[in-house]
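These notes concern the structure reproduced below.
Reckoned from all heavy atoms, side chains included, excluding hydrogens, waters and symmetry mates.
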Amino acid sequence: MKKLLLAVLVLGTMVSFSHAEMKCAPGKCGGAMKVSAMPKKMMKMFQSVSKEKATLLQDGKAKAFCPECGMTLPMFYKTNHAATINGKVKQYCSLHCLAEDLQKGTKLTEMKVVDVTTLKFIPVEKAIYVVGSRKKGTMSAVSKYAFAKKVDAEAFAKANGGKVTDFNGALKAAKAEFAKDSQMIAKKQAMMAQKGKMMYAKMCQKTDKKFASTAEAKAFIVSNELCKGLNGKQLQAVGLYLKNR
């Protein structure tokens, strides 16, 4: 009986090795395992465009970053908004961040939004929005994308879902979701800031400078080459840490 069990075990082992050899050619398994262990390349977000295709309307060293949350504007360009405040243009990554300025009582004039089709800024009063499509939102669980032409908005909604409305309808939705979205954002930012603290300790020169915004911190990091080898998410994390420390 023992001999029979031993024979079955040996046979099972041989089948296992044989099966493995069928999957990998001789000398190739190690390479295959290394490739599969490599991190997958991140898919480009729908909101993103290259720096060359993005129009930056605001000025200053931090012009590539949202003044409210610090997000990189080209990365979320298709949801970018802009407004004039006391003669100075501010460019936001999202309707949520524009709504945040309104919540503070800031008087915004000449409000604009990016047309998803042409990637050009248009006045918000002429824009047709699609609210709640399957495309991911920026700073909000419910997405809001704008179009210059109603036919484009309707085609987008047909393909991706969502409700076609105007700026007032989109802003009403943003305000209704503002508290919930802000709570979600605060949690994510707190987690990112903790990661940013560790990255700052390992990858950055030290500074005692205080920052009024994440955008200002990120601009300082970039212009002074404070950190080595940060990608976009890491830069945001370190910027959040420096702003909030």
Side-chain angles (χ1 to χ4, degrees), residues 41-60 62-85 88-102 106 108-178 181 184-185 215 218 231-233 236:
K41 187 177 181 180
M42 289 181 64
M43 291 180 66
K44 183 180 178 181
M45 297 185 300
F46 177 74
Q47 303 101 306
S48 301
V49 301
S50 64
K51 291 180 181 179
E52 293 73 25
K53 290 183 178 180
T55 299
L56 298 180
L57 300 178
Q58 60 186 2
D59 297 319
K63 66 181 181 179
F65 310 115
C66 176
E68 292 302 311
C69 67
M71 296 278 236
T72 302
L73 294 172
M75 191 178 295
F76 301 91
Y77 186 71
K78 290 179 186 176
T79 54
N80 273 200
H81 284 67
T84 300
I85 304 168
K88 185 178 179 181
V89 176
K90 286 180 72 173
Q91 188 165 335
Y92 310 90
C93 70
S94 61
L95 183 55
H96 174 90
C97 286
L98 181 146
E100 185 171 351
D101 240 355
L102 288 173
T106 307
L108 307 182
T109 62
E110 299 178 58
M111 291 183 285
K112 299 176 182 179
V113 62
V114 169
D115 168 24
V116 172
T117 303
T118 64
L119 301 183
K120 294 180 179 180
F121 276 94
I122 58 174
V124 293
E125 59 268 20
K126 294 183 178 181
I128 309 297
Y129 281 75
V130 177
V131 176
S133 73
R134 287 185 291 273
K135 295 296 184 183
K136 192 174 181 180
T138 303
M139 303 296 281
S140 175
V142 179
S143 63
K144 301 164 190 72
Y145 289 95
F147 300 83
K149 296 180 180 179
K150 188 175 182 179
V151 65
D152 291 342
E154 290 174 339
F156 181 85
K158 185 177 181 180
N160 302 288
K163 178 184 176 182
V164 177
T165 185
D166 58 8
F167 171 69
N168 289 328
L171 182 60
K172 184 179 179 180
K175 287 182 175 179
E177 303 149 7
F178 187 82
D181 285 338
M184 171 191 70
I185 292 163
K218 289 174 71 174
N231 60 31
K233 280 190 174 182
Q236 178 73 7

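Between A82 and V89, the closest heavy-atom pair is CB-CG1, 4.4 Å. The shortest non-hydrogen separation linking N231 to K233 is OD1-N, 3.2 Å. Closest approach of A64 and L56 over heavy atoms only: CA-CD1, 4.0 Å. Looking at every heavy atom in both residues, V130 comes nearest to G161 through CG1-O, 3.6 Å. Smallest separation of non-hydrogen atoms from D181 and S140: OD2-OG, 2.8 Å. The two residues V164 and A153 come nearest to each other via the heavy atoms CG2-O, 4.2 Å.
Two residues are said to be in side-chain contact when any heavy atoms from C-beta on lie closer than 4.5 Å; Y129 and L171 fail this criterion. A heavy-atom distance below 4.5 Å is found between the side chains of H96 and I185. Within the 4.5 Å cutoff, the side chain of D101 has heavy atoms near those of the I85 side chain. In this structure, I128 and K149 have side chains that are not in contact, with every pair of non-hydrogen atoms separated by 4.5 Å or more. Side-chain contact between E100 and F178 is present, with heavy atoms from C-beta onward closer than 4.5 Å. Taking 4.5 Å as the limit, some side-chain heavy atom of C93 sits within range of a side-chain heavy atom of M139.
Using modelled atom types, no side-chain atom of K135 and backbone atom of S143 make a donor-acceptor pair closer than 3.5 Å. No donor-acceptor distance shorter than 3.5 angstrom exists from the side chain of T79 to the backbone of S94, with no hydrogens or angles considered. With hydrogens and angles disregarded, no donor-acceptor distance shorter than 3.5 Å links the side chain of D152 to the backbone of F147. Panel note: side chain Q58, backbone Y92; no donor-acceptor pair is recorded below 3.5 Å.
Using modelled atom types, one finds a donor on one side chain and an acceptor on the other under 3.5 Å when comparing Q236 with K218. Defined by atom type and a distance below 3.5 Å, a donor-acceptor pair is missing between the side-chain atoms of Y145 and N160.
The structure places OG1 of T138 at 11.0 Å from NZ of K78, a figure rounded to the nearest 0.5 Å. Annotation: the span from M75 atom CE to K51 atom NZ amounts to 9.0 Å, rounded to 0.5 Å. Remark: T72 OG1 to F76 CZ distance equals 7.5 Å, nearest 0.5 Å. Separation of atoms CG (L57) and NE2 (H81) is listed at 12.5 Å; rounding is to 0.5 Å. From S133, atom OG reaches atom NZ of K144 across 10.0 Å, with rounding to the nearest 0.5 Å. Interatomic distance, CG of L98 versus CZ of F167, reported as 6.0 Å (0.5 Å rounding).
A cation-pi contact, defined as under 6.0 Å to the ring centre and within 45° of the axis, is absent between K112 and F121.
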